[in-house]
Amino acid sequence: MPEGDTVYRAAAKLNAALAGTVVTRFDIRVPGSATADLRGETVHEVAARGKHLLHRIGGYTLHSHLKMEGRWDLYRPGERWRRPAFKARAIVGVEGVDAVGFDLAMVEVLRTADEHTVIGHLGPDLLADDWDEAEAVRRVAVDDRAAHVALLDQRNVAGFGNVYANELLFVRGIAPTTPATQIDARATIALGERMIRANLPRPERTFTGDSRPGRRFWVYGREGAPCRRCGTPIRATTLGATDTSERNVFWCPTCQPG
């Protein structure tokens, strides 16, 4: 599941392959930007902002969002793709490599000067050089919604996804439905930052310190299984700011009372 650390790694991989090169192939397969042609322009960088990917090319930005299933792969020209061609939404080719974005939920080309229209709403980015912990804490601390919802709101803090929200609240001993105004926002955000940075170099995300299959999570995806701390069966429900934004929530009623 793409979250802030996944997108950060994807940006680093793409940046290493594309930055400083000239675009030789540019194919956007979505309405609205399908006619955009940046061939001949130089790729300045590929950067991540929260869960957003930004290919900065010439005076333009190719903006994409991975959502649940999206990914960017690198191929040698002519190499067989590992996913069906009909799933490709964007192709940026340079000499010796093609970057192909599959199952992207959002793809658009806009002027780099207008990036604020697509990412200006984001809160402080956990993995950015300009990470502002104090501002993230302030935003979460005044959010009177459920803590799980507040942590997932990218306007509060950019980078946490559903896996992180579930695991972070378990480790902090906070029931997911607890209003964010009632939690220690500073300690929660600080722990979340440590978690996401610790997972950056790992091939598989883990929260327990154990990378073996089936051992990486405290609560996420473990409905009915015994809590690794106390043995109480893990419970599950859904929470969200709206009916259409609900996410699967997992918690231990003993370790996370409320």
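S211 and T206 form no side-chain donor-acceptor contact under 3.5 Å, judged by distance and modelled atom types alone. One side chain, D143 or N156, offers a donor N or O that lies under 3.5 Å from an acceptor on the other. For the 3.5 Å distance criterion, the side chains of R205 and T6 qualify, holding a donor opposite an acceptor.
Not counting sequence neighbours, the partners of Y164 by the side-chain hydrogen bond (donor to acceptor under 3.5 Å, both in side chains) test are D5, N199. Under the side-chain hydrogen bond (donor to acceptor under 3.5 Å, both in side chains) criterion, D129 pairs with no residue at all, not counting sequence neighbours. R25 pairs by the side-chain hydrogen bond (donor to acceptor under 3.5 Å, both in side chains) definition with nothing, not counting sequence neighbours. With sequence neighbours left out, D153 forms a side-chain hydrogen bond (donor to acceptor under 3.5 Å, both in side chains) with R145, R155.
The shortest heavy-atom contact between P233 and P253 is O-CD, 3.7 Å. Contact detail for K67 and A105: the closest heavy-atom pair is CG-CB, 2.7 Å. G173 and P257 get closest at one heavy-atom pair: O-CD, 4.2 Å. Nearest heavy atoms, P201 versus A198: CD-O, 3.3 Å. Residues L169 and P176 come closest through the heavy atom pair CD1-CA, 3.9 Å. Across all non-hydrogen atoms, the minimal contact from C227 to C255 is SG-SG, 3.7 Å.
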Candidate pair L200 and Y8, rule side-chain contact (heavy atoms from CB on, under 4.5 Å), full reasoning: CA-CA 8 Å; L200 273 180; Y8 184 93; 3.6 Å; yes
Verify side-chain contact (heavy atoms from CB on, under 4.5 Å) between R197 and L127, making sure each step is shown before the conclusion. CA-CA 7 Å; R197 289 188 178 276; L127 297 174; 3.8 Å; yes
Does the side-chain contact (heavy atoms from CB on, under 4.5 Å) test come out yes or no for L168 and F160, once each step is laid out? CA-CA 10 Å; L168 175 55; F160 288 139; 4.0 Å; yes
Any chance you could lay out the side-chain contact (heavy atoms from CB on, under 4.5 Å) test for V140 and T188, step after step, and finish with the verdict? CA-CA 10 Å; V140 171; T188 302; over 6 Å; no
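For residues 108-154, there are no ring pair (Phe, Tyr, Trp, His ring centres under 6.0 Å) pairs, not counting sequence neighbours. The side chain to side chain donor-acceptor pair (under 3.5 Å) analysis of residues 230-241, with sequence neighbours excluded, yields the pairs T232-T254, T238-E246. Among residue pairs with one or both ends in residues 216-230, those qualifying as salt bridge (Lys or Arg N to Asp or Glu O under 4.0 Å) are E204-R216; sequence neighbours excluded. For the salt bridge (Lys or Arg N to Asp or Glu O under 4.0 Å) condition, the pairs that include at least one residue of residues 102-118, sequence neighbours left out, are R56-E115, R83-D103, K87-D103. Among pairs with a residue in residues 167-184, none fulfils salt bridge (Lys or Arg N to Asp or Glu O under 4.0 Å), at least two apart in sequence or across chains.
Rounding to the nearest 0.5 Å gives a distance of 7.0 Å between CG of L152 and CZ of R247. Atom CG of L191 is separated from atom CZ of R186 by 14.5 Å, given to the nearest 0.5 angstrom.
By the 4.5 Å heavy-atom criterion applied to side chains, C252 and C230 are counted as neighbours. For the pair V171/M195, a side-chain contact is recorded, criterion being any heavy-atom separation below 4.5 Å from C-beta on.
Side chain of T42 to backbone of H44: no donor-acceptor contact under 3.5 angstrom is found. The closest donor-acceptor contact from the side chain of T24 to the backbone of G93 lies under 3.5 Å. Side chain of N166 to backbone of F250: a donor-acceptor contact under 3.5 angstrom is found.
Transitive grouping of hydrophobic side chains (ILVMFWY, heavy atoms separated by less than 4.5 Å) brings F207 and V157 into a common cluster. I183 is not connected to V249 by any chain of hydrophobic side-chain contacts under 4.5 Å among Ile, Leu, Val, Met, Phe, Trp and Tyr, and they are in different clusters.
In E69, the CD atom is not crowded: 12 or fewer heavy atoms of neighbouring residues, nucleotides or ligands sit closer than 6.0 Å. In the displayed structure, R82 atom CZ is contacted under 6.0 Å by more than 12 heavy atoms of other residues, nucleotides or ligands.
Side-chain contacts under 4.5 Å among hydrophobic residues (ILVMFWY), followed directly or transitively, place F26 together with V7, L14, L18, V23, I28, V30, L38, V43, V46, L53, I57, Y60, L62, L66, W72, L74, V92, V94, V97, L104, V107, V109. Apart from F102 itself, the hydrophobic cluster it occupies contains Y75, W81, I91, V100, where clustering links Ile, Leu, Val, Met, Phe, Trp and Tyr at side-chain heavy-atom distances under 4.5 Å. When hydrophobic residues (I, L, V, M, F, W, Y) are linked wherever their side-chain heavy atoms come within less than 4.5 Å, the members clustered with L122 are L54, L110, V118, I119.
When ring centroids are compared, F170 and W218 come within the 6.0 Å threshold.
Ion pairing of D27 with R89 is absent here, as no side-chain N (NZ or NE/NH1/NH2) approaches a carboxylate O to less than 4.0 Å.
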